[in-house]
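Notes follow the structure.
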Amino acid sequence: MKVVIIGGVAGGATAAARIRRLDEQAEIVVFERSGYVSYANCGLPYYIGGVIKDPKELTLQTPESFFSRFRVHMKVRHEVTAIDPARKIVSVKNLQTGEEFEESYDKLLLSPGAKPTRPRLPGTGIDRLFTLRTVEDTFAIHRYVKTQKPRSAVLAGGGFIGLELAENLRELGIEVTIVQRPRQLMNPFDPDMAALIHAEMRGHGVRLMLGHTVEGFEDDKEGVRVLLKDEDPLTADLVVLAIGVTPDTRLAKEAGLSLGIKDSILVNDRMETSAPDIYAVGDAVQVKHFVTGTDALISLAGPANRQGRIAADNICGGDNRYPGSQGSSVIKVFDMTAAVTGINEAAAKRAGISADAVILSPMSHAGYYPGGRLMTMKVVFEKETGRLLGAQIVGYEGVDKRIDVLATAIHAGFTAEQLADLDLAYAPPYSSAKDPVNMAGFMIENISGGLLKQFRLEELADLPEDGSVTRLDVRTEWEYGHGHIDGFLNIPVDELRERLSEIDPEKPVYVICQSGLRSYIACRILAGSGYTCYNFSGGFRFYDAVINDRRLIEAAHACGMDR
């Protein structure tokens, strides 16, 4: 059996190694048009910032090491220019010599990945405008930073690459501005959770221009002018387009393979395309979202690796199936960590799922053990069934651990209430006897069982102003004095039982504290005395962070409109 693979990196290289492990006699040829067949995409920004110092560390395998270990022929700087499914032939061009030739195959695997989205805007071809996707891109930016020593940079796009590059450029002392059309960074997060990421970015000197549209670029002697819709242009020494990626599927399209959203390659759960003996994996393929079952494009290294393994199994006569992508991801944001899995509330709404969420702010480990840090968790679940839909966490230590537990629970089909039953490891330096994941389960269990009613930030503005409800803040007088929501009466929770006479028992009571814990205790006190009570999800700390972020975004737009 002869297997030809187009594209290395995650999916293609994984498939090649797996095929060899399954079939020692197979002839395996990989064509990669770049100079690197297996490299660490996710490490590229950290080489630019100097965290990774040796460029060789970015290369996971070389053609020589791959051949030595697996006897796989890795042909770098070879571009496949056409596929003929009927003849089972690919046309190849050696980019170093210009030689063109044909290569036959029994099985063909497409792993072309995705290319940086380059909008049709004027000026995208100027010298000081870069994209970051390949090792070659990385070296180009690194060389420019070292030789030209830019003082300022504009990053168009606020996704994973944009944030990681912003951090690394800031660590080099470069002034960084992120311009993003949506009014938030990191679209996998809901806007309220993204507010915490915004605060961390601003706290490290990154300027955020959210809700602004780039309309083009101009090169002049002062730098690159970034043209904005209805705004004065920005000028920077360096500009990087990081607005996303587009499936690189020209070959598949010209070969007549069936395509999906954004011209991605359609595959079944065996990673088979519409053409016999042709498989496809990675960022170029359309997959099913594991939670919603809807068509999706999810460009992450983990799914690409798993798809490569599944395709390899099936190429070698197996019957392995891909269950869909869940979108689990984590990112370092300066001193913080942000992680997500499944879908957020906005995605649930688009999918027609009736969802609710709990927001909590637990410590990373036992409070009595030194060094604990707060994290903010948002766990999304289906109202009717309690099915876990997704989770978002922003914090410090322990964020990655909790998101992986929640990702596993979603994949296993757990209900949100079952989180309360998980038997998780505990020692004071690492967790609490009630792990944050357990706490989320307890909260959802209370809501599902009718023990607790909550109200969310988006409902706050809808509370009646006619005196028909009571707003209650149960923090200490000191906390209340250092910031509170207008209209909320302050009665500390520890004084509540003695001061119930100050609260009208005929009116529903809406309660807030700093994190949601004391207000929950207050609600139980009130409910035990015959009151109808609602607990504010997330607490004042969360409210303050989100509202402050919204004000900053609005102020930035107002300044722009005034110019």
Side-chain angles (χ1 to χ4, degrees), residues 40 42-53 132 145 153 155 157-178 180 184-210 240 242 328-341 359-367 369-378 391-406 428-432 436 514-515 538-549 552-553:
C42 301
L44 301 182
Y46 298 99
Y47 174 67
I48 294 170
V51 178
I52 299 172
K53 300 187 182 300
L132 180 56
V145 169
L155 311 182
F160 286 93
I161 290 294
L163 265 65
E164 290 170 344
L165 187 55
E167 176 180 343
N168 280 278
L169 292 177
R170 280 298 297 147
E171 296 293 346
L172 295 174
I174 298 172
E175 295 180 3
V176 177
T177 300
I178 296 179
Q180 169 90 332
Q184 71 167 87
L185 303 174
M186 298 296 292
N187 286 332
F189 291 79
D190 282 312
D192 51 6
M193 293 295 289
L196 307 176
I197 300 174
H198 299 168
E200 183 73 3
M201 298 295 286
R202 294 189 187 104
H204 284 83
V206 177
R207 181 188 181 194
L208 302 182
M209 296 192 65
L210 306 176
V240 180
S328 301
S329 55
V330 63
I331 183 172
K332 178 180 179 293
V333 185
F334 290 98
D335 297 328
M336 297 186 80
T337 299
V340 64
T341 188
I359 299 165
L360 60 158
S361 299
M363 296 287 284
S364 58
H365 60 244
Y369 188 88
R373 305 289 296 274
L374 281 172
M375 66 177 73
T376 301
M377 297 175 58
K378 182 175 187 178
Q392 303 153 58
I393 312 178
V394 180
Y396 301 90
E397 294 84 3
V399 168
D400 53 341
K401 169 185 174 179
R402 273 67 187 214
I403 205 70
D404 283 344
V405 172
L406 288 161
Y430 304 107
S431 184
S432 301
Q514 192 73 354
S515 68
F540 183 81
R541 181 190 298 110
F542 184 73
Y543 163 87
D544 193 45
V546 176
I547 294 301
N548 185 56
D549 179 62
L552 289 171
I553 294 172

Closest approach of [X] to [Y] (non-hydrogen atoms, all atoms of both residues):
X      : Y      : answer
Leu172 : Gly49  : CD2-O, 3.7 Å
Pro45  : Asn168 : O-CG, 3.2 Å
Tyr47  : Ile52  : CD1-O, 3.1 Å
Met336 : Leu196 : SD-O, 4.3 Å
Ile178 : Gly162 : CD1-O, 4.3 Å
Ala153 : Ile174 : N-CG2, 3.8 Å

Under the salt bridge (Lys or Arg N to Asp or Glu O under 4.0 Å) test, residues paired with Arg202 that sit two or more places apart: Asp549

Can you list the residues that meet the side-chain hydrogen bond (donor to acceptor under 3.5 Å, both in side chains) rule with [X], with sequence neighbours excluded?
X      : result
Ser364 : none
Gln180 : none
Gln184 : none

Residues 391-399, side-chain donor-acceptor partners within the protein, below 3.5 Å, at least two apart:
from   : atom 1 : to     : atom 2 : distance (Å)
Gln392 : OE1    : Asp190 : N      : 2.8
Gln392 : NE2    : Asp190 : OD2    : 3.0

Those residues at least two apart in sequence (or on a different chain) that pass ring pair (Phe, Tyr, Trp, His ring centres under 6.0 Å) with Tyr369 are His365

What residues form a ring pair (Phe, Tyr, Trp, His ring centres under 6.0 Å) with Tyr543, not counting sequence neighbours? Phe540

Check side chain to side chain contact (heavy atoms under 4.5 Å, CB included) between [X] and all other residues, then give those that pass, not counting sequence neighbours.
X      : value
Ser329 : Phe160, Leu300, Val340
Ser361 : Leu374, Thr376, Ser515, Arg541
Val405 : Leu422, Leu424, Val437
Tyr430 : Ala427

Quick one: pull up CD1 in Ile331 and CG in Leu163 and give me the separation to the nearest 0.5 Å. 4.5 Å

Rounded to the nearest 0.5 Å, what separates atom CE in Met186 from atom CE in Met193? 11.5 Å

If you measure only the distance, is there a donor-acceptor pair under 3.5 Å linking the side chains of Thr341 and Arg402? no

Side chain to side chain, [X] and [Y], heavy atoms closer than 4.5 Å:
X      : Y      : value
Ile403 : Ser328 : no
Val240 : Ile161 : no
Leu208 : Leu552 : no

If you look only at pairs with a residue in residues 192-201, which of them pass as a salt bridge (charged side-chain N to carboxylate O under 4.0 Å, His left out), with sequence neighbours excluded? Asp192-Lys378

Does the side chain to side chain contact (heavy atoms under 4.5 Å, CB included) test come out yes or no for Leu210 and His198, once each step is laid out? CA-CA 10 Å; Leu210 306 176; His198 299 168; 3.5 Å; yes

Donor-acceptor check, side chain of Arg170 to backbone of His204, threshold 3.5 angstrom: yes or no? yes

